[in-house]
Amino acid sequence: MTSSDSSVLPSDVLDRYLAGGASRVERDMVARWVAASPERASWLRAITTQSRTVARTPDLDPLAMTARLQARLAAEVRRPAFADSEVHTARTPTRSPGRVPGIGTRGLARMRVNSWIVAATLCVVTGGVFWLARGWSAATSTREFVTRTGEQTTLRLVDGTRVVLGPSSRLWYSNTNTRDVTLDHGVAYFDVVHDPAHPFIVHAADAVAEELGTAFSVSASTRDTTVRVVVANGRVMVRPANAMRTAGVLLSRGDLGEVHPVGDAESRVTRRRVDLAVALAWVEGRLVFDRTPMRDVLAALEARYDVSFTVSDSSLLSERVSGPFQGDALHDILAQLAAVSDLDVTQSGTRVVLSRTKRPSARP
Amino acid sequence: MVIAWHDTTTGSPDDLDHQRLYAIARGDTSAFTALFEAHAVALVSAANRLVHDVNVAEEVVQDVFLSIWRAGASLRVKGSVRGYLYIAVRNSAIKWLRHRGVEQRWLESQHFPIEEERADDPAMLFEASDMDRRVRDAIDRLSPQAREILLLRWSEQMTYAEIATALGLAVKTVENHIGRALKVLRRLLAEDRPDWG
């Protein structure tokens with residue numbers, strides 16, 4: 001029944017065929033050999049299917065298995081995303097002489113500063129040991145960084161992210177396996193090392209900013225609850241914290257996103273273009289404004305100088321201020337502010353009162 | 001993610017796996033997931049053949065992958081990544097069996113009934129042809145080592161070298177086992193059965 005050319009099939013050819021490594025000529029040989037006998041065909045089919053059936057456990061779901069592995073990776077490994085960050089303080093000289101703190105919030109700020117200095121020193125000395133000792137432990141602790149009035153510092157988180165923390169700011173995070181940081185108040189510039197699996201997320205007042213490979217600044221004013229995000233590079237997703245369902249607004253280079261609180265309802269996010277040289281001037285320690293509301297200008301000045309402002313007329317707070325401010329001395333800055341905004345500026349100690357310049361024509 | 005990997009690669013699947021290991025050492029979680037996805041079904045099946053419990057088998061494979069993640073840059077795989085994964089999974093499964101042996105002896109000493117499980121799929125047997133059943137029986141009658149070699153070769157389509165790595169055997173031993181298994185299977189054909197002519 002079988003022709004001579006198809007009756008003999010070397011075992012090594014059969015083996016290579018079954019292992020998927022046969023050449024074209026060898027596959028033809030097998031095809032001819034099988035075609036000569038129905039029994040050979042069912043035999044070869046049986047070997048292929050049975051070896052696979054025996055080899056593969058039925059009903060394994062690769063996607064579900066991958067999800068379970070990822071869950072274990074997250075739950076078990078729990079490598080703190082930036083456990084015990086190194087702190088490289090590049091403090092700019094304090095602009096105001098260190099006064100004896102008053103009572104209230106300023107005193108609190110000073111206390112935080114002290115603890116921060118201690119924490120930073122501790123970290124520099126024991127950083128490496130600390131990290132080893134922690135290992136994979138799931139212990140959660142909070143790290144905080146606080147800058148005082150007129151102080152600016154640069155932090156390097158363990159994930160590689162560089163943070164410039166502006167004056168009078170507080171940034172903190174918990175040592176978990178996520179990269180979530182919170183800016184309580186003040187301003188911070190983030191140069192983020194992108195990791196798609198571990199998004200870098202900044203929480204500030206009513207806003208959440210998620211980086212998508214990027215450098216950006218976030219500011220949370222103490223005077224109002226508007227959060228501002230300026231993007232220097234890449235993209236950032238900004239959304240109101242109280243609205244997880246809202247997709248948020250995607251910002252790209254040169255965009256300013258503002259999250260405005262709107263009562264109890266969902267916060268509104270607006271986006272507009274800004275001049276990066278102006279919006280990020282603070283990173284280099286410069287004071288530059290561009291149609292900035294007075295309330296933000298005053299907040300920026302309070303962050304830099306040990307003063308608190310009072311306005312005679314609350315409508316002043318909404319007026320816009322533009323231009324670079326030259327010099328470091330507070331009285332120079334106040335003189336320039338008075339000139340550009342037509343204001344009378346009265347300083348007594350740490351209190352500065354702003355009022356509209358009284359002009360004869362202004363009052364009927 | 002996986003598509004991006006294929007875009008940047010022109011080499012063999014094993015080159016791809018080596019690239020993934022390199023990325024994993026640098027903390028790339030997507031490469032980690034991709035490596036797992038590529039081998040999960042085959043590895044869990046292999047572990048299941050030893051431990052006879054799918055859940056345990058999956059855990060054994062998870063353990064191996066998590067240890068790869070933790071090893072990071074200190075992990076050195078010289079030969080085939082697939083071979084390495086198999087040997088790691090086998091070792092891990094055997095360790096589990098030994099550990100369970102300890103537990104089981106303790107359980108037996110406590111006079112707990114041990115349930116004996118037989119994992120035959122009735123539906124599969126029903127649909128199988130006569131030849132299917134004979135081939136399956138022949139595979140079942142092989143020694144465990146010969147069976148494992150045959151499955152890695154014909155189902156997972158590994159090279160002799162990969163199987164040798166995975167099972168800690170000489171390449172020649174692998175070759176001999178395959179040759180003998182084929183001879184046994186060929187006897188199922190009427191033309192090759194000596195007694196039936």
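What you see is a predicted model; the values in this text were computed from it and never measured. Lettering of chains follows the sequences in order, A, B, ..., and the numbering in each one begins at 1.
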Side-chain donor-acceptor distances from residues 13-28 of chain A under 3.5 Å, at least two apart:
from, atom 1, to, atom 2, distance (Å)
A:Asp15, OD1, B:Arg153, NE, 2.9
A:Asp15, OD1, B:Trp154, NE1, 2.9
A:Asp15, OD2, B:Arg153, NE, 3.2
A:Asp15, OD2, B:Arg153, NH2, 3.0
A:Asp15, OD2, B:Tyr160, OH, 2.5
A:Arg16, NE, A:Glu26, OE1, 3.2
A:Arg16, NE, A:Glu26, OE2, 3.1
A:Arg16, NH2, A:Asp12, OD2, 3.4
A:Arg16, NH2, A:Glu26, OE2, 2.6
A:Ser23, OG, A:Glu26, N, 3.2
A:Glu26, OE1, A:Ser23, N, 3.0
A:Arg27, NH1, A:Ala22, O, 3.1

Original post:
What part of B:Ile139 is in contact with chain A, defined as an atom under 4.5 angstrom from a non-hydrogen atom: side chain, backbone, both or neither?
Top reply: side chain
Subject >> Contact origin within B:Glu148 toward chain A - heavy atom pairs under 4.5 Å >> reply: neither
Taking the side chain as everything from C-beta on, heavy atoms only, tell me whether [X] gets closer than 4.5 Å to [Y].
X	Y	answer
B:Arg136	A:Thr53	yes
B:Arg186	A:Trp43	yes
A:Leu60	B:Glu58	no

Enter the distance from [X]:[atom1] to [Y]:[atom2] here, rounded to the nearest 0.5 Å.
X	Y	atom1	atom2	value
B:Phe32	A:Leu73	CZ	CG	5.5 Å
B:Leu189	A:Ser42	CG	OG	8.0 Å
B:Phe36	A:Thr66	CZ	OG1	5.0 Å

Subject >> Check: A:Arg72 side chain, B:Gln62 main-chain N or O, donor-acceptor pair, under 3.5 Å >> reply: no
Considering non-hydrogen atoms only, spot the tightest contact between [X] and [Y] and give its length.
X	Y	answer
B:Met131	A:Ala46	CG-CB, 3.8 Å
A:Gln50	B:Val135	CB-CG1, 3.9 Å
A:Ser51	B:Leu151	O-CD2, 3.4 Å

Subject >> Working for side-chain contact (heavy atoms from CB on, under 4.5 Å), residues A:Met65 and B:Leu43 >> reply: CA-CA 12 Å; A:Met65 289 196 294; B:Leu43 289 173; over 6 Å; no
**OP:** With sequence neighbours excluded, tell me which residues meet side chain to side chain contact (heavy atoms under 4.5 Å, CB included) with A:Arg52.
**Re:** A:Arg56, B:Ser155
**OP:** Give the member of A:Thr48, A:Ile47, A:Leu63 that has the highest number of heavy-atom pairs under 4.5 Å with chain B.
**Re:** A:Ile47
Original post:
Is the shortest side-chain N to carboxylate O distance from B:Asp132 to A:Arg45 below 4.0 Å?
Top reply: no
Original post:
Where does A:Ser11 contact chain B at under 4.5 Å (heavy atoms): side chain, backbone, both or neither?
Top reply: both
**OP:** Give the member of B:Val54, B:Leu152, B:Val41, B:Thr29 that has the highest number of heavy-atom pairs under 4.5 Å with chain A.
**Re:** B:Val41
